[in-house]
Amino acid sequence: MTNRTKGYILAAFSAATYGMNPLFALPLYADGMSVDSVLFFRYLFALPMVGLYLRSQGRDFTLQKKEIFPAIMVGLFFVLSSITLFRSYHYMDSGIASTILFVYPVMVALIMAFFFKEKINLGTWLCIAMATAGIALLYKAPSGATLSIIGVLLVLGSALAYTLYIITINKTVLKHTPATKVTFYVIFLGFLVFTAMALYKGELHTPTKWYLWGDLLAFALLPTVISMLCATKAIVYIGSTATAILGALEPVTAVFFGLAVFGETLTGRSVAGLLLILVSVTAVVARKQ
């Protein structure tokens with residue numbers, strides 16, 4: 001197997017595992033756990049996993065002075081993206097939320113154009129129009145009722161936070177910092193944030209069923225640690241553009257589990273919206289290939 005083949009497999013696996021977020025989060029919500037509690041255990045269990053992997057690479061945990069502030073910024077953006085995405089699951093189907101989230105490459109293009117003077121050509125604007133049309137199609141629930149505006153705003157906020165996360169890494173010294181080390185400090189900051197929130201609120205919900213502890217471990221391992229590490233290796237083999245294109249599997253995976261496990265429904269209108277968003281965003285990313 002060539003390195004290029006390995007890269008495509010790793011990129012696909014990274015996207016597919018990240019799309020498992022609802023699969024692990026929704027049973028924990030059903031058990032009565034709050035969003036903050038779920039994310040606290042996610043970061044708690046993921047932290048030693050990434051730390052051990054970092055040490056297995058022979059790297060230390062030291063950050064240079066110039067890396068500290070950017071690392072804090074990307075950590076806060078990632079944490080904000082997590083909070084808003086997982087709260088949105090209370091307002092809309094997880095598959096729809098995960099698909100709307102996938103407009104973040106379009107947001108990257110817009111911010112890079114307006115703030116960093118990157119040129120956006122006609123083809124990219126057409127892709128943005130297609131993505132907007134796709135979101136409009138998704139703005140009707142299967143029952144015909146309008147989706148919660150709060151849920152939509154939460155997902156768009158999550159996409160914006162993730163966009164800022166990506167841009168901050170690309171436009172600061174973190175671009176030259178080992179990805180595993182950046183990931184470790186992002187997770188470490190998330191752990192600190194949710195620990196502080198638990199202490200402030202004076203509450204921390206734990207699973208009431210023993211097997212849900214396994215759910216939490218899988219949640220930390222698959223859509224968090226493995227997804228990030230596979231993406232990092234895939235970029236080495238096939239580059240960031242091809243890896244991002246395969247990220248289209250994220251919402252597809254989320255929709256699949258929403259249908260297969262949680263009984264969510266999918267109408268022709270929703271299918272059309274899904275396809276428009278996936279095609280438009282993939283085209284935006286693929287143009288750089």
Side-chain angles (χ1 to χ4, degrees), residues 1 3 6-7 9-21 23-25 28 33 36-65 67-68 70-79 81-83 85-86 162 165-166 168-169 172-199 204 206-207 210-238 240 243 246-247 250 253:
M1 183 182 297
N3 284 343
K6 291 178 183 178
I9 293 174
L10 286 168
F13 195 65
S14 172
T17 50
Y18 191 78
M20 292 180 180
N21 273 317
L23 177 66
F24 298 115
L28 298 169
M33 291 185 68
D36 295 344
S37 297
V38 169
L39 291 175
F40 168 80
F41 285 108
R42 177 194 192 187
Y43 286 104
L44 173 65
F45 293 151
L47 187 61
M49 296 178 187
V50 179
L52 289 173
Y53 184 74
L54 182 63
R55 291 300 299 163
S56 72
Q57 293 181 313
R59 302 184 185 278
D60 57 34
F61 296 93
T62 305
L63 283 177
Q64 298 180 27
K65 186 176 181 180
E67 295 174 324
I68 295 176
I72 293 174
M73 293 303 297
V74 298
L76 291 176
F77 287 140
F78 193 84
V79 168
S81 180
S82 296
I83 293 174
L85 176 62
F86 283 89
Y162 192 67
Y165 167 80
I166 294 172
T168 302
I169 289 178
T172 66
V173 295
L174 294 182
K175 184 176 182 179
H176 306 290
T177 304
T180 310
K181 184 177 291 189
V182 174
T183 300
F184 173 82
Y185 280 102
V186 168
I187 293 176
F188 178 66
L189 184 61
F191 169 70
L192 292 179
V193 168
F194 289 105
T195 299
M197 292 176 67
L199 293 174
L204 183 64
T206 58
W210 66 269
Y211 59 84
L212 288 178
W213 286 103
D215 182 286
L216 278 170
L217 285 171
F219 187 26
L221 178 63
L222 290 168
T224 309
V225 175
I226 289 182
S227 180
M228 290 182 176
L229 296 180
C230 284
T232 301
K233 290 186 177 181
I235 290 172
V236 173
Y237 290 137
I238 61 174
S240 58
T243 302
L246 287 175
E250 294 173 14
T253 303

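These values consider heavy atoms only, across backbone and side chains, with no hydrogens, waters or symmetry-generated copies.
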What are the two closest non-hydrogen atoms of [X] and [Y], and how far apart are they?
| X | Y | value |
| --- | --- | --- |
| Ala46 | Ala220 | N-CB, 3.7 Å |
| Leu174 | Ala71 | CD1-N, 3.7 Å |
| Pro207 | Leu212 | CB-CB, 3.6 Å |

Can you measure from [atom1] ([X]) to [atom2] ([Y]) and round to the nearest 0.5 angstrom?
| X | Y | atom1 | atom2 | value |
| --- | --- | --- | --- | --- |
| Glu67 | Ile72 | CD | CD1 | 12.0 Å |
| Arg59 | Leu54 | CZ | CG | 7.5 Å |
| Thr224 | Leu47 | OG1 | CG | 11.5 Å |
| Asp215 | Met33 | CG | CE | 9.0 Å |
| Leu44 | Phe191 | CG | CZ | 5.5 Å |
| Thr177 | Ile169 | OG1 | CD1 | 9.0 Å |

* Asked: Under the criterion side chain to side chain contact (heavy atoms under 4.5 Å, CB included), which of Leu39, Val186, Val193 is the partner of Val79?
  -> Val193
* To do: Under the side-chain contact (heavy atoms from CB on, under 4.5 Å) rule, what do Leu221 and Leu217 come out as? Steps first, then yes or no, please.
  => CA-CA 6 Å; Leu221 178 63; Leu217 285 171; over 6 Å; no
Can you tell if the side chain of [X] reaches within under 4.5 Å of the side chain of [Y], non-hydrogen atoms only?
| X | Y | result |
| --- | --- | --- |
| Tyr165 | Ser81 | no |
| Phe77 | Ile166 | no |
| Arg42 | Asn21 | yes |
| Tyr185 | Phe61 | yes |
| Tyr53 | Met49 | no |

* To do: Could you list the residues that satisfy side chain to side chain donor-acceptor pair (under 3.5 Å) with Thr17, not counting sequence neighbours?
  =>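 In terms of side chain to side chain donor-acceptor pair (under 3.5 Å), with neighbours along the sequence ignored, Thr17 is linked to no residue.
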* Can you tell me if CZ on Phe13 sees more than 12 non-hydrogen neighbours from other groups inside 6.0 Å? -> no
* To do: Could you walk me through whether Tyr162 and Leu85 pass side-chain contact (heavy atoms from CB on, under 4.5 Å), step by step?
  => CA-CA 10 Å; Tyr162 192 67; Leu85 176 62; over 6 Å; no
* To do: Evaluate the criterion side-chain contact (heavy atoms from CB on, under 4.5 Å) for residue pair Thr183 and Thr180; output intermediate values, then yes/no.
  => CA-CA 5 Å; Thr183 300; Thr180 310; 5.6 Å; no
* Short question: side chain of Ser14, backbone of Leu10 - any donor-acceptor pair under 3.5 Å? -> no
* Check against salt bridge (Lys or Arg N to Asp or Glu O under 4.0 Å), Asp60 and Lys181 -> CA-CA 8 Å; Asp60 57 34; Lys181 184 177 291 189; 3.3 Å; yes
* To do: For the pair Tyr43 and Phe78, name the ring-plane relationship: parallel under 30°, tilted 30 to 60°, perpendicular over 60°.
  => perpendicular
* To do: Classify the ring geometry between Phe188 and Phe184 as parallel (under 30°), tilted (30 to 60°) or perpendicular (over 60°).
  =>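 The arrangement is parallel - the two ring planes meet at less than 30°.
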* Structure fact -> Per ring-ring contact (aromatic ring centres under 6.0 Å, His included), Phe219 is matched among Phe40, Phe45, Phe86, Tyr18 by Phe86
